[in-house]
Amino acid sequence: MSDPKPVIEIRLLSDPMYLAGARELVLGLTRRLGFKQDESGRIALAVDEALANVINHGYARALDRPIWMSIWTQTPEGLPGLRITIEDEAKQIDPDSICGRDLDDVKPGGLGVHIIREVMDKAVYERRESVGMRLTMIKALTPKSTHAREHANG
Amino acid sequence: MSDPKPVIEIRLLSDPMYLAGARELVLGLTRRLGFKQDESGRIALAVDEALANVINHGYARALDRPIWMSIWTQTPEGLPGLRITIEDEAKQIDPDSICGRDLDDVKPGGLGVHIIREVMDKAVYERRESVGMRLTMIKALTPKSTHAREHANG
Amino acid sequence: MASPNELEVVWETRDGATILKPAGDIDLSRSPVLRNDIRKAIGDKPGRLVIELSGVSYMDSSGVATLVEAMQLARKINAKLVLCALTDRVHSIFEIARLDQFFTICADVNEAMEA
Amino acid sequence: MASPNELEVVWETRDGATILKPAGDIDLSRSPVLRNDIRKAIGDKPGRLVIELSGVSYMDSSGVATLVEAMQLARKINAKLVLCALTDRVHSIFEIARLDQFFTICADVNEAMEA
Ligand SMILES: Nc1ncnc2c1ncn2[C@@H]1O[C@H](COP(=O)(O)OP(=O)(O)O)[C@@H](O)[C@H]1O
Ligand SMILES: Nc1ncnc2c1ncn2[C@@H]1O[C@H](COP(=O)(O)OP(=O)(O)O)[C@@H](O)[C@H]1O
């Protein structure tokens with residue numbers, strides 16, 4: 001697996017105030033890459049959920065900690081699509097402890113990880129080399145997720 | 001002038017493909033900060049023009065060069081608003097050579113710098129310390145540019 | 001100057017029902033505002049609580065959690081909770097969360113008043 | 001799979017006029033597509049060229065430059081160029097560029113056919 005430079009790297013502070021900018025970035029990019037409007041919306045949602053989880057769980061709602069997001073416009077196999085990593089410098093935890101819950105038991109909360117896994121082809125949590133956690137998300141651009149033509153969304 | 005950390009830093013490659021993501025980031029952030037919908041649109045346009053100029057003029061349309069954008073949510077005077085810098089590692093030129101033209105002479109092109117200066121309170125080009133150019137743009141959040149309430153834009 | 005944290009929620013009462021109409025993105029930074037309004041509305045013990053979402057262009061799971069909680073609160077006071085006028089983007093998160101059957105979702109306020 | 005560089009431009013001819021209807025964001029990466037279609041349309045020497053912009057949610061100065069060039073080309077062949085159905089966001093760049101008086105801008109295609 002070659003490791004080219006991400007096409008976009010962003011560092012934002014862990015204030016929920018900045019989530020709108022981050023998800024709109026992802027929405028604008030995915031539409032431009034050729035993902036369908038609704039698929040782009042779901043990808044932006046998944047990224048938003050992942051960032052919100054870093055703020056809520058990784059940083060326990062501290063507003064001034066760094067979050068890094070890197071975006072590649074190819075899957076690790078070199079196919080058109082997205083590879084997105086989200087990294088923090090929060091306490092390292094067991095990646096297996098981050099999991100979605102049974103949705104049949106309806107209750108407030110506990111939907112984020114489910115959304116991320118449902119939307120993405122692949123979502124892997126791991127400890128970073130030094131400090132913090134890394135989430136890697138992969139989403140291929142398949143004919144199903146592609147629009148034949150770009151349409152404006154007003 | 002205190003120099004706090006930017007709340008958002010982004011590095012993107014100089015491919016026009018990534019402009020949509022960058023301007024949507026700015027649009028999402030400015031709306032969230034309380035700029036009016038139309039004012040947010042103009043700010044995103046000005047940023048898009050500044051990035052396009054780096055691609056067109058700084059990098060002569062090379063697709064793989066870095067552009068850095070840093071965003072603060074205060075003016076240098078510490079007032080609510082935006083400070084945005086855009087930096088490249090292109091050839092250093094005389095900042096005074098970057099100027100808008102007389103709009104009365106209608107012709108294709110030559111609008112970007114005019115748009116940037118018209119939209120922003122302040123826009124200053126300078127040589128970076130080592131290599132490349134830096135554009136600093138300031139836009140205060142004034143009652144005129146503020147919406148009393150946030151409205152969805154579909 | 002407006003507080004940038006504001007989410008506008010317009011209130012209406014009609015035939016014993018309370019209709020809440022939030023406008024803006026309902027995400028991690030904004031869902032507490034909606035939660036507050038819902039709790040206030042439930043406090044008045046209406047027979048029906050309608051949340052009209054046409055002005056909401058984006059909702060994340062914290063917004064959905066707020067509405068699940070609203071459903072629980074409504075049940076406690078025997079009120080009927082109905083959502084209506086969801087944009088496609090907002091509807092999509094209810095589908096992903098498999099909550100599109102859990103909630104009563106209507107096309108508009110008039111339908112929501114009958115549901 | 002679609003080329004992500006695509007900008008859809010729908011063509012229509014009506015009463016000696018050519019109507020171009022682009023859909024998508026017209027920015028640095030997309031304006032060459034519109035430019036191509038305009039040059040092709042002008043090549044057919046229509047009496048009138050209408051650009052219907054309701055499907056364009058964003059336009060930057062490269063898009064505006066493309067339209068200024070279209071105006072110059074249209075004048076050369078004595079064709080009338082009319083823009084119509086601009087969204088607020090797109091209209092705003094014509095104002096900033098002080099070109100809202102330079103172009104004939106109409107509310108919709110029907111008006112543009114008479115202008
Ligand atoms: N970035 C993260 N860092 C640490 N723990 C996380 C992270 N993301 C998720 N988790 C853990 O996984 C659980 C499930 O997350 P999620 O499905 O988003 O629901 P919720 O955030 O509502 O609890 C969280 O409660 C938390 O324990
Ligand atoms: N980032 C930049 N780096 C170098 N030169 C620039 C930059 N931005 C603008 N310029 C110079 O300023 C001129 C005016 O730019 P602009 O108003 O955007 O019009 P245009 O890009 O259509 O030429 C450009 O032609 C160029 O010479």
Side-chain angles (χ1 to χ4, degrees), chain B residues 12-24 26-27 30-31 35-61 63 67 100-120 151 153-154, chain D residues 2-7 23-36 38-39 42 51 53-76 81 83 86-105:
Chain B
L12 64 157
L13 294 185
S14 56
D15 187 326
M17 178 86 125
Y18 307 128
L19 291 175
R23 65 176 177 261
E24 294 304 318
V26 172
L27 186 65
T30 47
R31 289 186 57 221
F35 283 96
K36 276 192 294 197
Q37 177 70 18
D38 59 345
E39 193 70 16
S40 295
R42 279 192 288 269
I43 294 170
L45 170 65
V47 169
D48 190 47
E49 297 290 340
L51 295 170
N53 275 348
V54 172
I55 296 175
N56 281 331
H57 306 299
Y59 289 141
R61 287 280 190 156
L63 301 178
I67 306 176
R101 64 171 175 80
D102 181 6
L103 292 192
D104 289 339
D105 174 23
V106 176
K107 57 184 180 189
L111 295 170
V113 173
H114 169 79
I115 290 170
I116 296 165
R117 295 205 188 277
E118 179 95 1
V119 169
M120 298 293 178
H151 290 282
N153 75 329
Chain D
S3 151
N5 263 304
E6 222 164 329
L7 172 84
D25 286 8
I26 301 182
D27 66 0
L28 189 58
S29 69
R30 292 290 192 38
S31 54
V33 180
L34 178 61
R35 187 161 183 264
N36 235 356
I38 287 175
R39 289 185 154 258
I42 293 279
I51 321 249
L53 292 165
S54 66
V56 175
S57 47
Y58 179 80
M59 189 184 289
D60 75 355
S61 73
S62 73
V64 172
T66 302
L67 295 174
V68 169
E69 194 200 58
M71 181 66 115
Q72 295 173 336
L73 294 171
R75 278 180 182 160
K76 270 196 201 143
L81 176 80
L83 312 182
L86 279 64
T87 61
D88 288 349
R89 196 172 173 191
V90 168
H91 197 272
S92 147
I93 186 174
F94 286 91
E95 282 168 8
I96 301 175
R98 313 232 179 92
L99 289 169
D100 46 336
Q101 302 303 319
F102 174 74
F103 287 104
T104 306
I105 298 179

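Only a predicted model underlies this, so the values are computations on that prediction, with no experimental measurement involved. Throughout, protein chains are lettered first and strands after them, A, B, ... in sequence-line order, and every chain is numbered starting at 1.
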Between [Y] and [X], is there a side-chain heavy-atom distance shorter than 4.5 Å?
X: B:I115; Y: D:S61; value: yes
X: D:L28; Y: B:M17; value: no
X: D:Q72; Y: B:V106; value: no
X: B:E118; Y: D:R98; value: yes

Of the backbone (N, CA, C, O) and the side chain (C-beta and beyond), which part of [X] lies under 4.5 Å from a heavy atom of chain D, both, or neither?
X: B:N56; value: side chain
X: B:R61; value: side chain
X: B:L51; value: neither

Non-hydrogen atoms of [X] and [Y] that approach each other most closely:
X: B:G41; Y: D:R89; answer: CA-NE, 4.2 Å
X: D:D25; Y: B:R23; answer: OD2-NH2, 3.0 Å
X: B:P108; Y: D:A65; answer: CB-O, 3.5 Å

Within 6.0 angstrom of B:D102 CG, more than 12 heavy atoms from elsewhere: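 Yes - once you tally the heavy atoms of other residues, nucleotides and ligands closer than 6.0 Å, there are more than 12.
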Quick one: [atom1] on [X] to [atom2] on [Y], what's the gap to the nearest 0.5 Å?
X: D:I93; Y: B:R42; atom1: CD1; atom2: CZ; value: 11.5 Å
X: B:L111; Y: D:F94; atom1: CG; atom2: CZ; value: 10.0 Å
X: D:S62; Y: B:E49; atom1: OG; atom2: CD; value: 7.5 Å

Answer with side chain, backbone, both or neither: which region of [X] has an atom nearer than 4.5 Å to a non-hydrogen atom of chain B?
X: D:M71; value: neither
X: D:D60; value: both
X: D:L67; value: neither

Most contacts with chain D, counted as non-hydrogen pairs under 4.5 angstrom, among B:L45, B:D104, B:L103: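 Ranked by contacts with chain D, first place is B:L45.
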